[in-house]
Amino acid sequence: MPRILIVEDEAIIRSALKRLLERHHYTVSEAGSAEEACQLELKGFDLIISDLRLPGEPGTTLIAASSPVPVLIMTSYASMRSAVESLKQGAVDYVAKPFDHAELLETVERILHKQSMQQSPPPDITNAGGGRQTMIGNCVAMQQVYTRISKTAPADVTVLVLGESGTGKELVARAIHQQSKRAKAPLICVNCAAIPETLIESELFGHEKGAFTGASAARTGLVEAADGGTLFLDEIGELPLDAQARLLRVLQEGEIRKIGSVETRHVNVRLIAATHRDLRALSKTGEFRLDLYYRLNVMQIELPPLREREDDVLEIADILLDKACKRHERPGLRLSRAARQDLRDYPWPGNVRELENALERGVILAEGHLIHPDDLGLAPITARPHAPSTTTPGTSGSADNTAGENEDDLSLEDYFQHFVLEHQDQMSETELAQKLGISRKNLWERRQRLGIPRKKTARRPG
């Protein structure tokens with residue numbers, strides 16, 4: 001959703017313009033002067049609409065301060081001289097007050113559309129193995145992501161990356177880090193859902209020798225390891241409340257204290273957090289701290305799900321197919337026309353990760369030089385339900401058996417769902433995983449697939 005800043009000293013005009021834009025699904029912020037506007041993160045907006053005549057500095061001073069964000073100038077002096085002068089100074093356009101609502105909306109839409117069509121190159125990224133890779137995709141939604149990355153990276157502010165599982169949130173974090181002033185410092189990536197609750201605080205903040213049973217030596221935490229660089233916390237919505245309180249201290253004061261220590265240490269860390277969950281909704285149920293949410297949500301980047309990325313699906317598929325062919329030493333394999341159509345039509349609840357797995361299957365199972373739909377192992381499109389990222393218990397899966405699914409698999413999934421829902425109020429995630437005979441990471445992944453929200457950790461009386 002495009003973000004627009006209105007700079008206007010007359011409150012009535014400012015409020016009316018805000019209501020008009022919000023009715024048309026724009027996110028709007030306000031300022032009463034150029035000086036007040038400059039106190040905001042101007043480069044985080046997609047468009048600035050400013051009056052020419054303001055208290056203090058004129059609206060045209062925002063043109064240089066906000067570049068490359070376009071500035072649309074409003075003037076009640078509809079003389080050609082003031083309009084031309086604004087355009088000479090770099091304003092993208094001007095409108096004369098009083099303006100027609102339809103004309104203003106058309107102008108705003110045209111400017112934003114032109115901005116989105118100015119192709120931002122996908123960022124080059126060095127992956128965890130040291131290899132080079134590029135984010136893939138040229139749809140409008142991904143262009144907006146690339147633009148937001150390029151604007152956000154140099155600003156050294158906290159970033160919240162939103163998107164379904166498998167959309168590439170870690171790639172965004174790596175791109176931001178490598179385009180930032182901290183690029184030569186470490187990037188530490190942590191999946192909060194993959195670390196047991198009993199160990200997460202120790203992993204993040206470190207501990208002293210003897211702080212708890214098994215702490216045979218002092219350990220430096222991952223937050224301290226990221227000092228001077230960037231800390232990426234994936235699935236931050238899974239972070240226990242005690243660890244959230246410690247993380248809030250890091251963001252507010254730049255301080256950490258190891259478990260079992262009375263000393264605090266100062267750290268200089270840029271935090272990038274990611275989640276597929278609604279943190280604001282979690283704060284209402286007490287599962288996530290509202291003050292921490294506000295600290296995290298300085299800049300926001302939202303990744304589109306694969307099903308909304310138009311022709312990007314086939315472009316990504318071709319690149320992933322080439323990599324899979326090299327891994328399995330099967331050069332020359334291609335997707336049949338029917339397979340390409342299936343890939344385009346499939347809703348991809350698992351996003352890019354699911355696409356990669358399907359292509360891996362295709363490369364392994366293909367018998368000739370073409371990969372056919374049966375090799376991909378996708379369920380029939382007419383019988384396949386869309387799997388939203390945050391469903392409620394009872395809505396996961398189809399009511400009827402989807403064609404091709406195994407009855408035993410369904411019964412195992414049903415057992416898992418009933419067991420978790422029945423015991424999660426009394427057991428921790430670690431205990432649930434142990435009882436089910438799976439890892440905590442596997443438990444978390446099955447929760448996502450079946451749409452079983454995680455409850456607050458049950459606290460036992462001491």
Side-chain angles (χ1 to χ4, degrees), residues 128 158 160-161 163 165-166 169-171 173-174 177 186-209 211-227 229-251 256-261 265 267 269-277 279 282 287-289 292-293 295-296 353 389 420 423-424 427-449 452-460:
T158 304
L160 182 61
V161 185
S165 296
K169 296 188 286 291
E170 184 174 333
L171 286 179
R174 289 189 179 278
H177 172 73
L187 167 67
I188 305 295
C189 299
V190 185
N191 187 330
C192 298
I195 303 174
E197 292 177 43
T198 53
L199 297 178
I200 188 70
E201 288 187 68
S202 172
E203 287 288 319
L204 288 177
F205 307 103
H207 62 256
E208 296 291 355
K209 181 179 180 180
F212 50 85
T213 303
S216 56
R219 175 173 180 151
T220 299
L222 295 173
V223 175
E224 190 174 352
D227 191 19
T230 305
L231 177 68
F232 173 55
L233 296 182
D234 197 5
E235 296 303 342
I236 197 167
E238 308 301 320
L239 200 63
L241 287 170
D242 290 344
Q244 291 179 31
R246 286 179 176 268
L247 183 61
L248 183 64
R249 183 75 178 173
V250 173
L251 293 175
I256 59 169
R257 188 170 66 209
K258 290 183 176 182
I259 296 174
S261 173
R265 302 187 184 191
V267 290
V269 172
R270 180 185 194 174
L271 180 66
I272 302 174
T275 183
H276 74 285
R277 306 183 71 184
L279 297 184
L282 290 179
E287 295 175 80
F288 200 85
R289 294 180 63 115
L292 177 57
Y293 167 72
R295 283 282 177 177
L296 294 174
R353 193 175 296 127
S389 58
V420 171
H423 295 95
Q424 66 179 355
M427 292 184 181
S428 68
E429 292 292 284
T430 302
E431 290 171 328
L432 281 171
Q434 288 173 345
K435 290 290 185 182
L436 288 164
I438 59 178
S439 69
R440 190 168 177 270
K441 183 175 185 293
N442 192 290
L443 170 63
W444 173 77
E445 288 173 343
R446 289 195 186 187
R447 276 187 181 278
Q448 312 317 306
R449 189 169 70 250
I452 307 173
R454 177 176 163 184
K455 297 293 181 68
K456 287 196 299 184
T457 304
R459 296 187 177 274
R460 296 178 177 177

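Side-chain contact check for K258 versus T220: some heavy-atom pair is nearer than 4.5 Å. The side-chain heavy atoms of L251 and L296, taken from C-beta on, include a pair separated by under 4.5 Å.
The shortest heavy-atom contact between L279 and Y293 is CB-CD1, 3.7 Å. Closest of all the heavy-atom pairs between A226 and P186 is CA-CG, 4.3 Å. Between E208 and A218, the closest heavy-atom pair is OE1-CB, 3.9 Å. Scanning both residues, A274 and F232, for their nearest heavy atoms gives CB-CE1, 3.5 Å.
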Inset, instruction - Apply the test side-chain contact (heavy atoms from CB on, under 4.5 Å) to residues I256 and E224: give CA-CA distance (whole Å), side-chain angles for both, the deciding distance (0.1 Å), then the verdict. - result: CA-CA 8 Å; I256 59 169; E224 190 174 352; 3.7 Å; yes
Inset, instruction - Please step through side-chain contact (heavy atoms from CB on, under 4.5 Å) for the pair I259 and E201, ending with a clear verdict. - result: CA-CA 8 Å; I259 296 174; E201 288 187 68; 3.8 Å; yes
Legend entry - Verdict with supporting geometry, L204 and V250, side-chain contact (heavy atoms from CB on, under 4.5 Å): CA-CA 11 Å; L204 288 177; V250 173; over 6 Å; no
Inset, instruction - Apply side-chain contact (heavy atoms from CB on, under 4.5 Å) to the pair V269 and I188, showing each step before the final yes or no. - result: CA-CA 10 Å; V269 172; I188 305 295; over 6 Å; no
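The structure places CD of E238 at 9.5 Å from CD of E197, a figure rounded to the nearest 0.5 Å. Atom SG of C192 sits about 5.0 Å away from atom CD1 of I200, to the nearest 0.5 Å. The CZ atom of R270 lies 11.0 Å from the CG atom of L187; values are rounded to the nearest 0.5 Å. Between the OG1 atom of T275 and the NZ atom of K169 there is a distance of 7.0 Å, given to the nearest 0.5 Å. Remark: R295 CZ to L248 CG distance equals 6.5 Å, nearest 0.5 Å. Of the inter-residue distances, the one linking R219 atom CZ with E203 atom CD reads 4.0 Å to the nearest 0.5 angstrom.
Between I272 and the choices I236, L231, V161, the side chain to side chain contact (heavy atoms under 4.5 Å, CB included) rule is met once, by V161. Results of the side chain to side chain contact (heavy atoms under 4.5 Å, CB included) test with V190 over L233, D234, V223 single out L233 as the only residue that passes.
A distance-only check finds a donor-acceptor pair linking the side chain of H207 to the backbone of A217 [under 3.5 Å]. No donor-acceptor pair under 3.5 Å is formed between the side chain of R277 and the backbone N or O of E235.
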